[in-house]
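To start, the structure under review is shown below, and the notes come after it.
The structure presented is a predicted model; accordingly, all values stated were derived computationally and were not measured. By convention in this document, chain letters (A, B, ...) are assigned in the order of the sequence lines, proteins followed by strands, and residues within each chain are numbered from 1.
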Protein chains: 2
Amino acid sequence: MKQRRVTLADVARRAGVSSPTASLVLSGRGSELRISEAAQQRVQEVAAHLGYRPNIVSRGLRKGSSLTLGFVSDTVATSQLAGDLIKGALEAAHDRGFMLFIGETEGDPALERQLLDALLDRQVDGIILASMFTRSRSVPAGLGAVPAVLLNALGEDLDAPLPTVVPDEMDAGRRAARLLLDAGHRRIHVIGAGPTADLVPPGTVAGRDRLAGILEVLAAAGVQVVSGHLCDEWLPANGYAATRRILDAGGGQDAIITFNDRLAFGAYQALQEAGLAVPSDVSIVSFDDHPLADWLRPGLTTFGLPHEQLGRRAVEILLEVVRARAGTGEAPSGVERLPMPLRTRGSVATCSTRP
Amino acid sequence: MKQRRVTLADVARRAGVSSPTASLVLSGRGSELRISEAAQQRVQEVAAHLGYRPNIVSRGLRKGSSLTLGFVSDTVATSQLAGDLIKGALEAAHDRGFMLFIGETEGDPALERQLLDALLDRQVDGIILASMFTRSRSVPAGLGAVPAVLLNALGEDLDAPLPTVVPDEMDAGRRAARLLLDAGHRRIHVIGAGPTADLVPPGTVAGRDRLAGILEVLAAAGVQVVSGHLCDEWLPANGYAATRRILDAGGGQDAIITFNDRLAFGAYQALQEAGLAVPSDVSIVSFDDHPLADWLRPGLTTFGLPHEQLGRRAVEILLEVVRARAGTGEAPSGVERLPMPLRTRGSVATCSTRP
DNA sequence: AACGCATGCTAACTCGGTTTAGCACGGTCG
DNA sequence: CGACCGTGCTAAACCGAGTTAGCATGCGTT
């Protein structure tokens, strides 16, 4: 049972060569270093026959690289996002022969330090620092020692910025506004922030950027936000309350942009109570593509987060940084923004009283 | 920036001793091997001052252990369960100084082999083989080479069984039945399997065990299942259809055990349409504690899966196996069943017409 | 003076690979 | 005949720790 692993020395012995020779052959540098065809063939055959697999730990000790990345996140379990982010990262890593260490900080900086140390102790080739909701964060010291990428978080250190991958919230804001304009809507309300660009919940990048995108497009079309509703939190109850206010103010032919789907749930509830129908009376477009968005009747039209894509790109960019440090290729830098996919369902209707 | 790590040799040099001496001191075997107090003190001070951390890769090469475990799952992202299982495992591992490699097989045996190989190449000390829904599975060859534990899955190889951690489905079945009996119910229906023990969806351990537990308790109380509804799948539509059949058959004072919460959603819907109220007309108890179970009105009383506990225990047992292989302690074996926590909400009422 | 013994440390090897420098051999050329 | 060169390989060092065997030194005995 507990059979010993086949080592390079085993292969070399059985092939009648020295272990450096076997190493050269198996790393493809055989011809370059003038190992005879015959010897190369023998080594290859023996290696295949014995099922030789190089010990990555040992190789890592010599080469400094371990074919291993660290993925440190504030949360791994509480949201669908977390799982998909990890899934994307896992797949991208596996495609390139890398394995991923996963760590969870629970937002605790001390724990984060411990995890980063534990990763460095294990000679990881690079580290992804992920956050489950897009936010600004400081970058812990000591990360300079190893390639690193920020995922779904924006770094605050502007002198030593890390490459960063985030969803393109501003673009999604623009598209949400354009979607409503194109459907003929002119009476547009915003729930979650606004009506002016400075009225956003503190610390949320998503809120700021979504609002900025919305306002930009509306301004360009000469349309003003009818009302904006800054909320403490983005929960159904807040959406409900804001929608009640909108309805109480009267109007008609309204469209609402909710800043996340839970706000939209509350809006649906308030509209239903008021005897109004989505979308014929009120159109709604939202953000996040919550699993429940598809359960609502009518289905909620919403901009989803490109979860797996984010995870994938983080790994891809990280590996580019790794290669750049090794001297091959250009080091990526700056912020990469990934488009948020629109899930068109049934909550937006063409406005009937087009002026 | 790219500062070199502090090595044992650095510490030794600065402390004016040889590296073996430093190694002995730092591994706590200094006194045992008669290193003078003075020398020990100097080494400790220098190590602390330089912030020395041993390179685990190197240590692993020598000692064969890497303070690293592998967690291979068929899925990491599609369910809450997956995330929580991982979270529990992560925490337990971190508490003991271990890091976790995560891998996702997507149910593909070839991919599973690749991942296991990749883990073995990295000298992991042990491997957790997890499944996201409890089921039987064959254990891949080659796992004998390294300690391993099955998580939320039952192995099919009975000659070389792996230690296993699963939720205690049969116990939950018993408790569900007892819950209804204690509330005075005698007209009990089962949706998802039954009415007899052999009528379960193929391959689902959960179905078989839940049903067995239910039938055992009912039989002991001299109560027969009024009707059982074996379904192809456990989806809302199936729950809806089965509930319609129950209502069409007439009766009154019914109680329903649904085999998962999605079946219960369908049951709620059918009851609502029929103008019946939960729980005053029909009581429902279910399994899984789906995130939506708390959103239903009334809240669904359901047995949850002990997600994090499962992950934790898997790591703990795995590390016991590791220690046992190293010669310390007893090797655990057999199947450990973790109790499923009951979430009491509002879907079960005391039966008014108690005979 | 020779021996034994405890003390305090280190040389040398090990793990499994990679890398560099260079040896041995045969043939060619001046 | 010796210098030179290309061929085909290997010895030896290296990565950073852990481990074992044993060497000095000083002290007390016989």
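- Proximity of B:R59 to the phosphate of D:dG18: a side-chain N or O atom is located under 4.0 Å from OP1 or OP2.
- D:dT10 atom P lies 16 Å from atom CZ of A:R29, rounded to whole Å.
- Classification of A:E106 and B:K87 as a salt-bridged pair holds, one side-chain N sitting under 4.0 Å from a carboxylate O.
- The pair A:R137-A:E156 fails the salt-bridge criterion, with no side-chain N (NZ, NE, NH1 or NH2) lying under 4.0 Å from an Asp/Glu carboxylate O.
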Quiz item: Could you go step by step and tell me if A:R323 and A:E320 meet the salt bridge (charged side-chain N to carboxylate O under 4.0 Å, His left out) rule?
Solution: CA-CA 5 Å; A:R323 278 194 292 274; A:E320 281 176 42; 5.2 Å; no
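- Nearest-nucleotide positions on DNA chain C place B:A39 closer to the 5' end than the other of B:A39 and B:S58.
- The shortest distance between the side-chain N/O atoms of B:S18 and the OP1/OP2 oxygens of C:dT10 is below 4.0 Å.
- Between B:S23 and the phosphate of D:dG18, there is a side-chain N or O to OP1/OP2 separation shorter than 4.0 Å.
- Using a 4.0 Å heavy-atom distance criterion, B:T21 is classed as a base contact.
- In this model, the phosphate group of C:dG16 is not approached by any side-chain N or O of A:Y52 to a distance below 4.0 Å at OP1 or OP2.
- Atom pair B:R34:CZ and D:dG26:P shows a separation of 16 Å (rounding to whole Å applied).
- In the set C:dC9, C:dG17, C:dT19, the nucleotide with an atom closest to the side chain of A:P54 is C:dG17.
- Closest approach to the B:L61 side chain among C:dG16, D:dA11, C:dC9 is made by C:dG16 (side chain taken as heavy atoms from C-beta onward).
- As judged by a 4.0 angstrom heavy-atom cut-off over every strand, B:L8 is placed among residues touching the sugar-phosphate backbone only.
- In this structure, B:S36 reaches the C:dC9 phosphate: one of its side-chain N or O atoms is under 4.0 Å from OP1 or OP2.
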